[in-house]
K.L.:
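Below is a structure I'd like to ask you about.
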Amino acid sequence: MRISEKFRQLKGRKEGALIAYICAGDPTPAATKEYVTALVRGGVDIIELGLPFSDPVADGPTIQAGIQRALEGGMTPDIFFRTINSLKLHIPIVVMTYYNLIFKRGLEKFAKDCAASGISGIIVPDLPPEESDELLQACKENDIDLIYLVAPTTTKERMDRILAEGTGFIYLVARLGVTGVRSDVAASTGELIKRVKTNTPKAVGFGISNGQQAARIIRAGADGVIVGSAFVDIIAKGEDVAARLEALARELKEGAEVAIN
Amino acid sequence: MRISEKFRQLKGRKEGALIAYICAGDPTPAATKEYVTALVRGGVDIIELGLPFSDPVADGPTIQAGIQRALEGGMTPDIFFRTINSLKLHIPIVVMTYYNLIFKRGLEKFAKDCAASGISGIIVPDLPPEESDELLQACKENDIDLIYLVAPTTTKERMDRILAEGTGFIYLVARLGVTGVRSDVAASTGELIKRVKTNTPKAVGFGISNGQQAARIIRAGADGVIVGSAFVDIIAKGEDVAARLEALARELKEGAEVAIN
Amino acid sequence: MANKLESTKFGKYGGQFVPEVLMPALEELTEYYEKFKDDAIFNEELDYYLRDFAGRPSPLYFAKRLSKEYGVKIYLKREDLVHGGAHKLNNTLGQGLLAKYMGKKRIIAETGAGQHGTACAMAGATFGINTEVYMGAKDTVRQRMNVYRMELMGTKVIPVKSGSQTLKDAINEAMRDWVANVETTHYMIGSVVGPHPFPTMVRDFQSVIGKEVRTQIMEKEGRFPDSIVACTGGGSNAMGIFYPFIEEDVDLFAVEAGGSGMKTTDKEALHSATLCTGEDGVLHGMRTKVLQNKYGQILESSSIAAGLDYAGVGPELAYLADIGRLKPCNSMDSEALLAFHDLCRLEGIIPALESSHAVAYVRKAAATGELGDIVVINISGRGDKDLQTVMGMRK
Amino acid sequence: MANKLESTKFGKYGGQFVPEVLMPALEELTEYYEKFKDDAIFNEELDYYLRDFAGRPSPLYFAKRLSKEYGVKIYLKREDLVHGGAHKLNNTLGQGLLAKYMGKKRIIAETGAGQHGTACAMAGATFGINTEVYMGAKDTVRQRMNVYRMELMGTKVIPVKSGSQTLKDAINEAMRDWVANVETTHYMIGSVVGPHPFPTMVRDFQSVIGKEVRTQIMEKEGRFPDSIVACTGGGSNAMGIFYPFIEEDVDLFAVEAGGSGMKTTDKEALHSATLCTGEDGVLHGMRTKVLQNKYGQILESSSIAAGLDYAGVGPELAYLADIGRLKPCNSMDSEALLAFHDLCRLEGIIPALESSHAVAYVRKAAATGELGDIVVINISGRGDKDLQTVMGMRK
Ligand SMILES: Cc1ncc(COP(=O)(O)O)c(C=O)c1O
Ligand SMILES: Cc1ncc(COP(=O)(O)O)c(C=O)c1O
């Protein structure tokens with residue numbers, strides 16, 4: 001399923017989207033299948049799967065730990081695509097990974113593998129538009145969205161370029177800093193949502209962990225929320241994981257729904 | 001008794017002199033009296049008593065250890081003179097010490113104290129003739145001999161000056177190096193004895209420890225031998241000290257006597 | 001934008017592979033650096049600190065006895081005499097001064113063994129700028145004295161407990177901090193690595209080494225050397241001494257750490273010879289040669305010299321290697337140790353183990369003739385920091 | 001001979017109070033020293049080593065932040081940047097070169113904490129002369145790293161097991177060695193102490209410090225400083241920086257180690273403030289001020305800074321103190337530590353604990369006005385060697 005279609009659907013239903021991140025292979029490839037299923041049951045609209053990289057500079061300690069567990073669990077790009085292929089989900093899947101893994105596989109091949117295994121979009125946190133021309137080309141040829149991030153620090157000039165190029169959705173970085181659970185929603189988030197003027201859907205990530213926060217963000221004008229560390233935390237604790245992932249997804253989705261009404 | 005008189009006596013008897021060094025107060029002031037008596041009984045002709053100084057640069061480890069024992073035993077210049085005073089020996093006594101103790105007491109006072117306690121000569125290993133004018137003056141005024149050392153390295157020019165100024169006896173340093181027992185007699189010793197042309201008696205020290213060596217040195221033309229470390233060794237071992245000091249003195253003296261016959 | 005992008009690269013290498021949040025900071029830094037790099041007042045002030053604080057110029061010393069032993073005329077560029085004991089301060093003074101001109105209130109940095117961290121602490125103290133240094137928790141224990149040195153100079157050392165608790169985790173953590181505090185904070189990278197403009201800027205700040213050598217060797221020999229040899233971790237001391245000779249007829253040798261051998265597994269390399277064996281990749285904000293496995297996962301590298309122990313290398317070196325302008329080579333741990341002892345014994349100079357790799361290459365290559373008659377070795381730092389390591393080897 | 005004697009003294013101090021065996025060696029040394037001290041070739045070669053090997057000139061650094069903190073304009077003479085980390089090398093290069101000119105095959109020396117020994121080892125390696133260093137057995141354990149540094153440079157370190165097994169025993173033992181091997185061996189004394197010609201010769205070799213300051217301060221201030229402050233153990237860094245200013249209107253402050261207090265017992269002093277409290281005496285071949293008890297036995301001295309921990313002092317300093325040309329003063333252990341931290345934190349310079357005593361005096365005296373407006377402090381060495389000590393203090 002294309003991302004844009006999903007957002008159109010949700011818009012029709014006046015719902016904010018819930019995009020859930022977990023790291024593929026954390027702690028094993030088999031577990032990922034189980035956890036993804038639980039998240040979908042909980043109401044997640046888009047699944048974002050991390051393809052683990054050894055040096056994840058844009059991630060906070062929580063997700064870094066998840067990545068490490070995945071690597072130790074034997075996750076590789078080959079296994080990743082096989083795992084995704086076996087998921088057969090009816091919602092969009094997005095891969096989040098660092099550029100070196102894409103570069104090393106070959107941009108063409110990576111985009112093709114994504115398309116073949118049912119992935120709709122790619123997020124590369126260490127690939128700004130200045131460096132993304134080639135990957136963008138490969139994505140276009142394979143009908144894959146290349147999803148860009150914008151941050152509170154992004155200048156007008158850069159914003160224009162990103163909005164012109166980005167497809168699928170625009171990933172709004174809610175605050176300066178890396179991924180990780182925070183207890184508040186930054187004032188700057190609202191501002192950023194207003195600054196990003198585009199028809200492409202806007203999803204806000206970094207630091208969201210509960211329904212209330214999700215509601216506030218959708219109310220502020222976002223089309224979706226992205227939640228990662230809060231889910232990875234549950235996996236890290238390792239108790240009753242599937243059920244708790246599902247429950248948290250439900251809470252977040254309810255927040256995102258309520259907000260628009 | 002003046003040193004010169006002692007040497008005249010010995011000359012008449014065709015005997016080489018035995019000069020025995022121990023450190024005063026090693027390990028206690030009382031012990032020194034006992035040990036000196038033993039040495040005299042063994043046939044020693046002149047007693048050389050060390051007044052212990054904290055930094056004895058010209059002495060080897062054996063004598064340095066004796067000096068340390070003496071200092072720990074409480075020996076001071078005051079006690080030193082009192083001890084000597086109580087000895088009442090009928091042979092010459094010579095004090096060997098470093099210049100700072102003399103300097104600190106005052107040259108005049110030191111010389112007077114020597115005279116008053118029956119000391120006939122002073123040896124100061126760290127006082128070359130260049131620095132000794134004042135002490136020489138004080139010695140002369142108190143009828144004390146200032147005994148100079150000459151070494152294998154001493155140049156002709158310096159030798160002349162030393163021989164002109166020294167009284168009592170000339171202390172010939174048998175070899176380069178510090179005090180301490182050696183197993184051989186250096187070839188340079190004989191040479192040095194020949195180089196020292198004077199009417200003042202010549203005594204050779206540094207490294208002599210047995211009768212054979214003593215004999216060889218007297219035979220080479222010396223008027224006496226000076227033995228220190230070998231005696232201090234006996235004190236250090238601490239067994240049967242008085243008897244062994246006496247026995248070693250006897251052996252050395254016999255060597256010195258035999259040599260001239 | 002095409003124009004600017006052009007200048008961020010060395011051939012295909014370099015660039016700015018960083019999170020979006022950092023891009024404006026890199027733009028700001030680039031702007032300020034371009035503004036001040038040829039500014040008379042900035043350069044006068046920098047020269048002042050390099051001279052009066054760091055002790056430059058460092059001598060170019062003719063190593064008579066080593067020359068005789070190795071059979072080639074050897075000059076040593078004495079970065080070991082620079083304040084702090086290594087070339088690292090050239091760069092931190094440059095960046096520190098720039099941070100001051102930019103009005104930054106805070107400096108952050110990463111450090112492995114602590115050399116760059118110490119140099120940051122020195123610059124931070126001199127310029128009165130708050131300095132915080134990330135260091136792998138394991139490294140803080142291994143390099144307790146360097147931690148203490150930094151702390152004495154008022155720098156906060158932050159132990160990084162994530163990942164392998166070593167340099168790469170410290171880099172990650174410092175990047176994260178920068179992402180979070182980009183407006184007030186300057187991130188002081190310690191070598192010619194990372195996103196543009198760092199590789200260019202650090203090279204320029206370190207070029208004082210090579211500029212001095214130009215003058216010094218002319219005075220001594222009336223000509224340029226036949227070759228210049230420098231150890232290469234990130235590559236800053238190498239680029240610093242090479243760059244002013246790029247256009248000259250001088251052979252350049254970048255000596256990497258051969259570690260205990262040229263083998264790699266899926267997870268680690270027994271060496272750190274990135275130019276020699278690395279493959280094209282993207283790491284820490286730059287495209288360069290990288291030690292990586294077939295999937296692109298970064299390998300743990302290895303060397304007896306902590307400062308060479310890095311899985312990447314400066315992009316400009318990768319470019320110069322590709323076009324044949326410099327020759328990548330390497331010395332093994334054991335060879336570096338032999339050279340270390342040679343320099344101590346023959347010249348009374350205790351070199352850093354990093355620098356010993358450069359000496360070791362001359363040791364083995366002199367006889368081949370490839371170094372020519374006159375060779376300059378960059379002694380990038382002093383070896384006091386390595387005594388414990390070398391002592392350990394003895395047993 | 002009267003003529004020569006005259007020149008061995010500074011007023012009543014100095015002289016040659018040594019065993020007869022050594023007198024010819026002192027004469028020979030004096031002769032050679034007189035012959036070469038103004039020899040163009042000798043001085044050119046020495047200058048070469050000072051520049052290219054030792055890294056001279058050392059900077060004169062305006063310590064902006066320290067000046068502000070202490071309220072007086074402070075310049076730091078950066079001997080901490082000299083190869084080996086202290087001014088000690090100026091002297092060992094001078095004596096080493098002289099030994100080479102004299103054809104000596106062997107150098108011996110004594111060392112306490114190991115600074116002078118290391119400098120000897122460096123000179124010995126450079127000149128290719130066999131070097132052996134006596135060191136108290138206790139000190140070899142306390143200063144294991146310095147022992148290792150010397151050994152790396154090919155120097156044999158001989159642990160002295162007699163007496164208190166510390167510096168004074170090492171001096172005694174080195175003297176004994178010299179007595180035994182005087183013909184082939186040069187005894188390299190590490191400060192302006194010992195018999196003539198050492199105090200004069202070492203002062204001259206160290207005077208390069210003050211000569212540089214003359215030029216440097218003129219460039220920076222257009223005038224001489226009001227005062228110069230130097231720590232004083234044996235007194236070589238002090239005489240080195242003072243001597244070229246003796247005839248000028250510059251106040252000279254010799255800062256001794258106040259230790260833990262100005263008390264003494266019959267056996268030991270809690271300090272090493274010889275100029276301040278010592279009495280006229282004879283020690284280690286010279287007449288000078290000495291810490292001694294009423295009988296003339298030498299006291300054990302004490303200081304947090306090993307290099308200041310000495311019961312004697314150079315005879316020329318004793319003379320200059322008597323005639324009022326320099327002011328003897330002192331800083332306590334605790335004061336030196338505070339100054340140490342100030343310099344680390346404010347200037348990014350980690351000074352030797354010895355040098356910290358000089359800084360500490362400025363810290364307390366600046367406000368009195370006695371130092372005038374511009375003061376030069378001799379930073380005689382770097383503090384890396386002292387980190388362990390300072391760390392210990394923290395606990
Ligand atoms: C003394 C020394 N040399 C070399 C290096 C390697 O760095 P680079 O390759 O950037 O010069 C280091 C790094 O810490 C170092 O401390
Ligand atoms: C750094 C430093 N400063 C000062 C001294 C004291 O010596 P002097 O008084 O001869 O300069 C020493 C002695 O080792 C030293 O290492």
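Proteins get letters first, then strands, A, B, ... in listed order; numbering begins at 1 in each. Below, each value reflects all heavy atoms present in this structure, side chains not excepted, and no hydrogens, waters or symmetry copies.
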K.L.:
Please state whether the rings of C:Trp178 and C:His186 are parallel, tilted or perpendicular, taking 30° and 60° as the class boundaries.
P.N.:
perpendicular
K.L.:
For A:Gln64 and C:Arg176, which I'm curious about, is there any donor-acceptor pair between the side chains at under 3.5 Å?
P.N.:
yes
K.L.:
Does CD belonging to A:Glu141 count more than 12 external heavy atoms closer than 6.0 Å?
P.N.:
yes
K.L.:
Side chain, backbone, both or neither: which part of C:Asp169 has an atom under 4.5 Å from a heavy atom of chain A?
P.N.:
side chain
K.L.:
Between chain A and each of C:Arg287, C:Lys267, C:Glu173, count heavy-atom pairs under 4.5 Å; write down the option with the most.
P.N.:
C:Arg287
K.L.:
For A:Pro129, which atoms come within 4.5 Å of any heavy atom of chain C: side chain, backbone, both, or neither?
P.N.:
side chain
K.L.:
Pick from A:Leu127, A:Ile102, A:Thr155, A:Thr76: which one has the most heavy-atom pairs with chain C under 4.5 Å?
P.N.:
A:Thr76
K.L.:
Check each of C:Thr185, C:Thr184, C:Asp177 against C:Asn181 using the side-chain hydrogen bond (donor to acceptor under 3.5 Å, both in side chains) test, and report the only one that passes.
P.N.:
C:Asp177
K.L.:
Any residues in residues 107-124 of chain A near chain C, with a heavy-atom distance under 4.5 Å, and which are they?
P.N.:
none
K.L.:
Should A:Phe53 and A:Tyr98 be marked as a ring-ring contact (aromatic ring centres under 6.0 Å, His included) after you check the CA-CA gap, both sets of side-chain angles, and the distance that decides it?
P.N.:
CA-CA 6 Å; A:Phe53 177 56; A:Tyr98 287 80; 5.6 Å; yes
K.L.:
Going by distance alone, is a donor N or O of one side chain under 3.5 Å from an acceptor N or O of the other, for C:Asp139 and C:Tyr134?
P.N.:
no
K.L.:
Please state whether the side chain, the backbone, both or neither of C:Lys161 comes within less than 4.5 Å of a heavy atom of chain A.
P.N.:
neither
K.L.:
Below 4.5 Å from any heavy atom of chain C, which atoms of A:Pro125 appear? Answer side chain, backbone, both or neither.
P.N.:
backbone
K.L.:
When rounded to the nearest 0.5 angstrom, what distance separates OG1 in C:Thr166 from CG in C:Asp309?
P.N.:
8.0 Å
K.L.:
So for A:Phe103, is it side chain, backbone, both, or neither that comes closer than 4.5 Å to the heavy atoms of chain C?
P.N.:
side chain
K.L.:
With a 4.5 angstrom heavy-atom cut-off, which part of C:Leu299 approaches chain A: side chain, backbone, both or neither?
P.N.:
neither
K.L.:
Out of C:Ile171, C:Asn293, C:Asn172, C:Leu22, which one racks up the most heavy-atom pairs below 4.5 Å with chain A?
P.N.:
C:Asn172
K.L.:
Which pair of non-hydrogen atoms, one from C:Tyr187 and one from C:Ala109, has the smallest distance, and what is that distance?
P.N.:
CE1-CA, 3.9 Å
K.L.:
Under a 4.0 Å N-O cut-off, is there an ion pair linking C:Lys289 with C:Glu279?
P.N.:
no
K.L.:
Rounded to the nearest 0.5 Å, what's the gap from CG on A:Asp59 to CD1 on A:Ile67? Could you check?
P.N.:
4.5 Å
K.L.:
Quick check for you: to the nearest 0.5 Å, what is the distance between A:Asp233 atom CG and A:Ser209 atom OG?
P.N.:
9.0 Å
K.L.:
As an exercise: rank A:Leu101, A:Leu149, A:Leu71 by heavy-atom pairs under 4.5 Å with chain C and give me the winner.
P.N.:
A:Leu101
